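Working notes for the structure below.
Just so it is clear, the structure is predicted and the values come from calculations on it, not from any experiment. First the proteins, then the strands, lettered A, B, ... as listed; each starts at 1.
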Amino acid sequence: MKKYERLYHYSFLVFVIIMWSCGENSFSPSTDDDAEEAYLGGSTTSFDATSKAYTFPFSNILAETLVLHQQGDAVFETTFVSPPATFNSGLGPLYNNTSCKSCHVNDGRAKPLIDSEAFSGMLFRVSSTGVDNHGGPIPISGFGLQIQNKAVAGTNAEMKLQIQYEEITGIFADGQVYTLQRPKYLIIDSYIPFPKDALLSPRIANPNFGLGLLQAVSEETILSHADEYDSDGDGISGKPNYVYDFSENRMVLGRFGWKASQPTLLQQAAAAANGDMGITSTYFPEEASLGQLQDIPSHTPEMTADQLNALAIYLETLAPPARRNASDKTVLKGKLLFNQAQCAACHIPKLKTGTYQLAEISNQTIRPYTDLLLHDMGDGLADHRPDFRATGSEWRTPPLWGIGLTKIVNGHTNFLHDGRARNLIEAVLWHGGEAEQAKQNILKMTASDRNALIKFLESL
Amino acid sequence: MWRKIYTVSIVMILSTFGCQNDFDSIRKETIQADTDEEQTILGLAQIENAIVGKWQQASLDLYNSAVALASLPTDEALANSQVKWSQARDPWENNESFAFGPVATEGIDANTDDWPFDVTAFNAVLQSNQQIDEAMVQQMTTTTKGFHGIEYLLFGENGNKKISDFSHREFQVLIYLSKDLLTQANRLASYWTPGSTSSFYDDFIAAGSSGSSYLSTADALSEVLGSMVDILTELPDSKIRIPLTLQNSAYAESRFSDYSWTDYRNNLSGVYAVYLGKYGDIATEKNFSSLVANKNSALNEKLITQFKLCLALMDLVQPSSFNQALTTKQEQLQEIITELEKLTKILNEEVRKTLSL
């Protein structure tokens, strides 16, 4: 090769490299599939990255559905007051909050209570040892299945609770130290003695969006991911919860709540209205205080059947927000690491909805990052309170869609069923049980890789 | 031969990247636009800082007046506290364009202005023998606290409270409720102060920068515009139409004081101030109005005209007569609803589209 020829070769190579690096953003390694992944809720996806990101109806919502959505929105926003009242009457006699929006601020995720504060979206489920006729938890005499920390005049709140945290430290393979906080709950001012052997489980209010899409995933699809006895030997089971459907009087697949203990959005909405606000309905006509000496019976449903249906449709039609930066190089690297670390074994990225009563939801490809199944998450996260088929250490895989918007929507980054994790990496590090190997894989990552993993989660 | 191939290749690559010039010009425009947007966001934060500062001072004045009223109960002291209540109310109702961030997520709105007021629960507190102190009032349910709890005490259920109607216990509750309101104002002021611990102000003005909750300046602007639209949707609907349709003043926001109409006008004037970037002594050079005018001056003029029309129509109803207007001025109220809905539509559709928000 002649000297000049070689010079041209080198010059051209350098030129191409320079041009390539100048145009780096234009040559992102993303694919069409990555671009599609922005649509977490398929055609229903909303595009807003503000504090209202979780509050929008489906992008493809039909006019007649929108009317019902708006009616349900009004119920969701309703603040109830003590009876008698000209309107919005029916609060209590026992309650945790006065409205749906009080716990689900901006339709989002609550944070743990501070010093038994009045304003909180955290509550406590309780039960006695054993199971009822349907395999569900047994109410505690005088307390029922949930602690109501507030009461109307003339009635005693059941108790207040405080949280104390114990610090735990650990170390990544690269030597970086991390700290976790383990909660401990203190009972204060119990109106009657609380049984020493009672089971108690804290619960943070979950985001409301995308629930209709999860309801529209067929049972067959969900069960196709189940492997209750780990027959494939990968260490990950995936177990369906079967719970009691009060409207059908039979056991059905559970989908909603931290332990998948609610089968439908209608029952979820009715149970929350009843348990959290003391609002009776045709679905649950008795007050939560039923059986207590201080019970004040409700003679007519405080929420009509139409209102309850509208509320369920509101929850059914809130759109998942679109991903941000899905094609960013670091995010793509994090996505790869997420898959390599086996996170995607339970947080299944892609599901398809079946044919459903709302056309907007039917046959959508969605990316909720859940399998809607129960998994043993180890002793660290165990509440030791069974809920139908869910054992004391099993939790439903929580969806990850929209998780990166938690800070802007709710002003915090607390995660897990009790909000103990102060950020996403802490949430990851609390994983155990079936997710122990995934956690070990992450502990071995470099700081750069951990950062990429978090960037990926924040893009959801 | 090689020289020819490379020369042709370089020309082709350059022509491909020739659009770089176009990118540059687009980027230049974008950078310019970003600068305008950043300045607008900074101006918005300064306005919010001023509104909250005014609320903080007015809440302190209200608290001091409540202490004075309790120590020397006279008709004049009661009238003074009623005025201080309305003066604290004004900036709060001006603030609806910033109904996001800590005011929502930290429970400040709920503790300050939950609605409806729970008369039964509040009367039970007054009639009980529970010790009244700061901690007890903090634990009261949000529907018995804040502005409407204080309003109920100062004006009475029928708006005709006299100093002789007060019990000692009511004075005690009044003091602690006013103190709690001041606490909420102090909390919000802290969040909207630059450089404070957990400053939301700093997070907001850093929109588009690494570490900010707002990925882009457009997101931050969309946040404010969304709140402006929300209150202008709520105002003609649940605030005016529902009590008008039901012919029931119990659905009015500040029904004990009959201050609802001033609340509503303050909602509107607050949004207008934010749109223009003018509040009190603050007049920003870059604001929503200038951003819109740069893209579509006719739209800006149309919007300002509509704002002025709505304000003028609202001024035709006497400030303290909404309860009465529900029966005597139904056509006027209906016209206001119609014009407010037009205003909301322009903001939500045309302004959003023009600013690509």
Approximate separation, where rounding is to 0.5 Å, of [X] [atom1] and [Y] [atom2]:
X        : Y        : atom1 : atom2 : value
A:Arg324 : B:Ser216 : CZ    : OG    : 11.5 Å
A:Asn149 : B:Gln139 : CG    : CD    : 9.0 Å
B:Thr141 : A:Lys150 : OG1   : NZ    : 5.0 Å

Interchain contact, [X] with chain A, by part (heavy-atom threshold 4.5 Å):
X        : result
B:Ser222 : both
B:Asn123 : neither
B:Ala207 : neither

Where do A:Val105 and B:Thr105 come nearest, in terms of heavy atoms and distance?
-> CG1-CA, 4.3 Å
Sidechain-backbone polar pair: B:Asp219 side chain, A:Thr50 backbone, donor-acceptor under 3.5 Å | no
With B:Pro116 as partner, the option from A:Thr78, A:Thr98, A:Thr79 fulfilling side-chain contact (heavy atoms from CB on, under 4.5 Å) is A:Thr79
Report which part of [X] has an atom under 4.5 Å of a heavy atom belonging to chain B: side chain, backbone, both, or neither.
X        : result
A:Ala49  : both
A:Ser51  : both
A:Leu405 : neither
A:Tyr95  : side chain
A:Pro84  : both

Pairs touching residues 206-215 of chain B that satisfy salt bridge (Lys or Arg N to Asp or Glu O under 4.0 Å), sequence neighbours left out | none
Option that, when pairs with chain A are counted at under 4.5 Å, heavy atom only, ranks first among B:Tyr214, B:Phe200, B:Phe117, B:Phe100 | B:Tyr214
Picking from B:Ala124, B:Ala220, B:Ser213, which has the most non-hydrogen pairs under 4.5 angstrom with chain A?
-> B:Ser213
Does the ring centre of B:Trp115 sit less than 6.0 Å away from the ring centre of A:Phe87?
-> yes
Side chains of B:Asp230 and A:Lys52 in contact at under 4.5 Å (non-hydrogen atoms) = yes
A:Asn325 vs B:Leu215 side-chain heavy atoms within contact, under 4.5 Å = yes
Per-residue contacts, residues 232-256 of chain B versus chain A, heavy atoms under 4.5 Å | B:Asn248, B:Ala250, B:Tyr251
